[in-house]
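Just so it is clear, the values below take in all heavy atoms, side chains as well, and ignore hydrogens, waters and symmetry mates. Per chain, numbering begins at 1; letters A, B, ... match sequence-line order.
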Amino acid sequence: MHAVGKRRGAIILGLLPALIIYVIFAILPILQSFYYSVMEWDGFSEMTYVGLANFKEIFQDPLFWNSVKNNIFVVLASVFGQVPIALFIALLLNRKLKGLKIFRTIGFLPVVLSTVVISLTWSLIYNSEDGLINGVLRTVGLEGWAQNWLGDTNLAMISVCITVIWQFVGLYLIIFLAALQNIPEEVLEAAKIDGASEWTTTRKIIVPMIWDTVIVAVILCIAGSLKTFDLIYVMTNGGPSHSTEVMALYMFNETFSQLQYGYGSAVSVLIFFFSLILIYLVNKIFGKKMI
Amino acid sequence: MKKLSILLVGIITVLTLAACNGGEGETTSGSDVIELTLWNDWTEDRPENTAYKKMVEKFNDKHDDIEVVIEAIPHDQYETKLRTQAAGNQLPDMFRVWPGARLAPLAKGGATLSLDSIKDNWEGEIPEGIMKDYQYDGVQYAIPGNISETSLIFYHKDMVEAAGFEEFPKTYEELKSLITALNEDGKTPISLGNKAIWPLQSVYISTIADRFTGSDFLPNAISGEASFENEQFINSMKVIEELATMKAFNGDMNTIDEAQARSEFNAGNAAMHFAGSWAIGPVLDSVENVDNIGVAPFPSFEGGDGDPAKIAGVAGGGIALNSDLSKEEQEAALEFLKFFYSDDMYQQLVKANIIVPADVKMGEDIPQVFQEANKLAQGGLAPVYDATLSPELTDIINNGLQAITLGDKTPEEVAKDMQEQAEKEQ
């Protein structure tokens, strides 16, 4: 007992620096946001306490609900875009293939590229006048299909989401590949001996065996989509006419462009709770405590 | 226990070493040279920025005891960064500021230093009417470096001629027929980059609305004496709506920024480009044939109440000082300002095609386009919307005008949104 007690002291001491840094840089700012969220403050002058007035105002602002709607759209597009596509490609790549490494590198490349670079490149691709997509459509005679991809309020969100999906498929691809390669050879051999077709093996053995990884990917995906900001900020700046404005961007604009620090903090508090609720729901649905 | 104490000793050593380092660093920088950081948006390679930077260099060469360090941030991000830092109480020693409503929160929050003590330096040199743009509550916070006319029309003379116009249209009706003629020729009439959503407001509406409502309208609407739902103001936004429906702009106007739109114009892919005096230098620098470029004032609108000789403009190029500077630093910074806003710099700016507030002589070598633009300022300046409106109202009109171009909102709806916000602020 004595020995453990001593060791526990050392463990606590060892954890202390990390804990202090975590509290200062993660917990305190969150608490500070809570504090600012009940204030009216332009960033310079004296703060005044306004209670829940900021929250009341947010709930009445149609632009906030618009940003929530857009954000949910990004979450759905990511979960139902990134994860299935990544899983599909991972299953294809998970065999003895010549040049597997090259495919993996190509798939992973977008993940390591800077988001700003991706955003600018895709903005050029989407440009309605001389962009790549419309250029190709015009060359093959599908003139009528050419669109104002980022400049049309109905299309802008879809266009942005395609870029988001493209950017992160590689990440989940690598995660799934790693999981697939951990499936013991014997299990697959046994299935083969039993005469299971490749489709059956995939459906009944491989996918169930990596299911936990899939759930983790879904949760990562949701958390990532909720705080999506930089890509949209560079590509469309939330426009045209608020059609691609997500919660983080709404918060940013209210806080820094309109100098309402209290109001902006209240929005970030809402984003915080929104994320908690969504992730709780996912955990509930899959019936497992993953995070 | 022994391990524990080794660990403790280790931590303490590291901490003391770190502390020592910090202490040493401070003593060296706090010695005889006063270092002043200056934030600005002089990132683009254009003559005015070079002139500014040259002035800073000259100042540093002349002063052994003061060192001005430049930190440049791209224009579209500059104000965001400044406001963020201001909120965190981490402003640099000196920083570029915009006048009017954009200076107000900084001045109101006590973040900037009063310059009243050195104001006399420019008496008789810069007209009081222009100095006033950088005042808040009667206190001077920066010295104007230039005048920014926000509404000029640049055009390719040959393209306008080819469309059947001997001279540039003087009225809106004529402008519309020019646009139709260009469209029929398959040319883009006006190159616009409104992704950052301010050009339609700052460049277009500031002058168009003034033509319709007159210059008293904007201050009156803010104070509550007039309403944004005024018919003339709505008429001005209808101009934007009409231009968008008649396809006066390039199709990607909402997805490219102002600089991209300007290079499209420079490359001859559009006949006109509406921009402010900030574009004079970049346009003259990059077009193939300078003589082919014309500059015109905005056309007059039938039935408008405003003075058609005016264009929107405001003082610019001011540098504000951090109110937290020590006595020594303040003196150094004030000396810098006196040096910076001197005849020497205004001369250089004129050569760089920048319109300046001070009365300077112009040589023969100054290009035609610049002289014409300079003349336009003499007709009087109308208020620029985003230099006068609160950030919230600016946001509403910026987004509103974009929505109008997309057909998502009507001018009446935008006017109503603005009036509601204005009433909240009164």
Side-chain angles (χ1 to χ4, degrees), chain A residues 6-7 9-14 16-17 36 41-46 57 62-63 120 122-124 126-131 134 146-156 159 233-245 252-265, chain B residues 1 3-4 7-8 11 14 76-77 79-89 91 102 104-112 188 191 194-197 249-257 260 264 269-270 390-396 398-409 424:
Chain A
K6 243 201 287 180
R7 205 178 297 150
I11 290 172
I12 290 173
L13 192 76
L16 209 57
Y36 291 149
W41 185 38
D42 66 3
F44 313 100
S45 331
E46 283 292 301
E57 206 181 317
L63 284 179
L120 290 176
W122 276 84
S123 298
L124 292 178
Y126 280 133
N127 186 296
S128 63
E129 300 283 292
D130 41 22
N134 283 356
Q147 300 284 347
N148 195 349
W149 300 104
L150 289 175
D152 185 317
T153 23
N154 297 319
L155 284 174
S159 308
Y233 180 69
V234 180
M235 270 180 89
T236 63
N237 198 9
S241 166
H242 299 292
S243 61
T244 54
E245 194 168 73
F252 178 83
N253 282 335
E254 292 293 325
T255 318
F256 300 112
S257 311
Q258 303 200 27
L259 298 177
Q260 305 189 57
Y261 284 77
Y263 188 84
S265 300
Chain B
M1 244 5 230
K3 270 188 197 156
L4 196 71
L7 193 72
L8 265 177
I11 291 175
V14 169
D76 282 354
Q77 281 103 58
E79 267 194 292
T80 306
K81 178 154 178 182
L82 193 71
R83 286 170 173 171
T84 321
Q85 298 280 116
N89 224 343
L91 282 174
R102 291 152 93 179
L106 290 161
K108 202 168 111 192
T112 58
T188 306
S191 172
N194 198 38
K195 179 178 164 189
I197 64 181
F249 306 118
N250 42 307
D252 54 358
M253 60 176 166
N254 284 319
T255 53
I256 63 172
D257 59 36
Q260 282 169 298
E264 287 291 317
N269 296 335
S390 69
E392 289 90 348
L393 275 169
T394 306
D395 192 60
I396 294 176
N398 278 352
N399 279 295
L401 289 172
Q402 191 177 50
I404 288 174
T405 62
L406 292 159
D408 288 352
K409 270 196 177 163
K424 251 193 254 171

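- Contact count against chain A (heavy-atom pairs under 4.5 Å) is highest for B:Ala403 among B:Ala111, B:Gly110, B:Ala403, B:Ser390.
- Remark: B:Lys424 NZ to A:Glu57 CD distance equals 5.5 Å, nearest 0.5 Å.
- Here the CD atom belonging to A:Glu129 is positioned 9.5 Å from the CG atom belonging to B:Asn269, to the nearest 0.5 angstrom.
- Taking 4.5 Å as the limit, some side-chain heavy atom of A:Asp130 sits within range of a side-chain heavy atom of B:Glu264.
- Taking B:Glu79 as the reference, B:Arg83, B:Arg102 meet the salt bridge (Lys or Arg N to Asp or Glu O under 4.0 Å) condition, with sequence neighbours excluded.
- Looking at A:Gln260, only its side chain comes within 4.5 Å of chain B, counting heavy atoms on both sides.
- Taking CG from B:Leu401 and OG from A:Ser241, the interatomic distance works out to 11.0 Å, rounded to the nearest 0.5 Å.
- Across A:Asn148 and B:Gly251, no two heavy atoms sit closer than the pair ND2-O, 2.8 Å.
- The closest side-chain heavy-atom distance from A:Phe252 to B:Thr80 is below 4.5 Å.
- Nearest heavy atom pair, residue B:Lys195 against residue A:Asn237, reads O-ND2, 4.2 Å.
- Interface summary for chain B: among A:Asn253, A:Thr153, A:Thr255, the most heavy-atom pairs under 4.5 angstrom belong to A:Thr153.
- If you measure heavy-atom distances from A:Tyr261 to chain B, the contacts under 4.5 Å come from the side chain alone.
- Scanning all heavy atoms of the two residues, the minimum distance from B:Leu406 to A:Gly151 falls at CD2-O, 3.1 Å.
- Contact annotation for A:Trp41: only side-chain heavy atoms (C-beta onward) come within less than 4.5 Å of a heavy atom of chain B.
- Taking OG of A:Ser128 as the reference point, atom CG of B:Asn254 lies at 9.5 Å (rounded to 0.5 Å).
- With a threshold of 4.5 angstrom between heavy atoms, B:Ile197 does not approach chain A through any atom at all.
- Here the straight-line distance linking atom CD of A:Glu245 with atom CG of B:Asn399 works out to 7.5 Å at 0.5 Å rounding.
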